Amino acid sequence: QLQLVESGGGSVRAGGSLRLSCKAYGYTYSPYCMGWFRQAPGKEREGVAAMYTGGGTAYYVDSVKGRFTIPLNNAKNTLYLQMNSLKPEDTAMYYCAAVRWANYRACPPPPETYSYWGQGTQVTVSS
């Protein structure tokens, strides 16, 4: 059983940076598709970025390309979301998610496919 714990959220001015962390407890050496999602009040959940722990190219939603990256530290069992040049529209609750996955080409799958979710961390960007 995998447990995901996010941290690193906070408030920042537009143009600033934040780094979110997602530490995985109970991690086994099986490949996973791991991703970051966000949900703002009154809006649907949105997949922001995803990556396959077995390697391959990360996925980013168009609105964050060039600003966000999703590095993985295998030694620490921790996935990060490095967010630069933040905008007020990035304000949301951010969630980390994971699913045991065999096919890197199909990562990320639809959100309902993910088996494990963190509790979320709030990011607020002021103008």
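This is a predicted model, so every value here is computed, not measured.
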Looking only at heavy atoms, what is the nearest atom pair of Ala50 and Cys107, with distance?
CB-SG, 4.5 Å
Under the 3.5 angstrom rule, does the side chain of Thr121 hit a backbone N or O of Ser7 as a donor-acceptor pair?
no
Taking every heavy atom of Ala92 against every heavy atom of Ala40, the minimum-distance pair comes out as CB-N, 3.9 Å
Checking the side chain of Thr53 only, and the main-chain atoms of Tyr32 only, is there a donor and an acceptor separated by less than 3.5 Å?
yes
Taking the basic N atoms (NZ, or NE/NH1/NH2) and the acidic carboxylate oxygens, is any pair closer than 4.0 Å for Asp90 and Lys87?
no
In Å, rounded to the nearest 0.5 Å, how long is the span from CZ of Arg100 to SG of Cys33?
13.5 Å
Any idea how Tyr95 and Trp117 line up, ring-wise: parallel (<30°), tilted (30 to 60°), or perpendicular (>60°)?
perpendicular
Please check if the side chain of Glu6 supplies one atom and the backbone of Gly120 the other of a donor-acceptor pair under 3.5 Å.
yes
Minimal heavy-atom distance between Val99 and Ser115, with the atoms involved, is CG2-OG, 3.6 Å
Taking the inter-plane angle between the rings of Tyr52 and Tyr104 on a 0 to 90° scale, is it parallel (under 30°), tilted (30 to 60°) or perpendicular (over 60°)?
tilted
What heavy-atom pair brings Ala98 and Tyr114 nearest, and what distance separates the two atoms?
N-CD2, 3.5 Å
For side-chain contact (heavy atoms from CB on, under 4.5 Å), just list the numbers for Tyr116 and Gln1, CA-CA rounded to whole Å, side-chain angles, deciding distance to a tenth of an Å, and then say yes or no.
CA-CA 9 Å; Tyr116 307 101; Gln1 189 79 359; 4.1 Å; yes
Nearest non-hydrogen partners of Arg45 and Gln39, listed with the distance:
N-NE2, 3.7 Å
When rounded to the nearest 0.5 angstrom, what distance separates OG1 in Thr69 from CD in Gln82?
5.5 Å
According to a hydrophobic-cluster definition based on side-chain heavy atoms being under 4.5 Å apart (Ile, Leu, Val, Met, Phe, Trp, Tyr only), do Leu18 and Leu72 belong together?
yes
Arg13 side, atom CZ; Thr124 side, atom OG1 - distance, nearest 0.5 Å
13.5 Å
Could you check whether any side-chain heavy atom of Trp101 comes within less than 4.5 Å of a side-chain heavy atom of Pro108, counting everything from C-beta outward?
no
Linking I/L/V/M/F/W/Y whenever any side-chain heavy atoms sit under 4.5 Å apart, do Leu79 and Tyr94 land together?
yes
Within the structure provided, determine whether Val123 and Arg38 are in side-chain contact (heavy-atom separation under 4.5 Å).
no
Joint cluster assignment, Ile70 & Tyr80, ILVMFWY side-chain distance < 4.5 Å:
no
Heavy-atom check, side chain of Phe68 versus side chain of Leu81, under 4.5 Å
yes
With a 4.5 Å cut-off on side-chain heavy-atom distances among I, L, V, M, F, W and Y, is there a chain of contacts connecting Trp36 to Leu86?
yes
Counting N and O atoms only, with roles assigned by atom type, does the side chain of Lys76 sit under 3.5 Å from a partner on the main chain of Lys23, one being a donor and the other an acceptor?
no
Would the distance check show the side chain of Tyr59 and the main-chain N or O of Gly35 forming a donor-acceptor pair, the cut-off being under 3.5 Å?
no
Start with the C-alpha gap between Ser63 and Glu89, add the side-chain angles, then the distance that decides, and say whether side-chain contact (heavy atoms from CB on, under 4.5 Å) holds.
CA-CA 10 Å; Ser63 60; Glu89 52 263 43; over 6 Å; no
Applying side-chain contact (heavy atoms from CB on, under 4.5 Å), run through Met34 and Leu4 and close with a yes or a no.
CA-CA 10 Å; Met34 298 188 73; Leu4 304 175; 4.3 Å; yes
How close do Thr78 and Ser21 get, counting heavy atoms only, and between which atoms?
CG2-CB, 4.1 Å
Between SG of Cys22 and CG of Asn73, what distance do you get to the nearest 0.5 Å?
12.5 Å
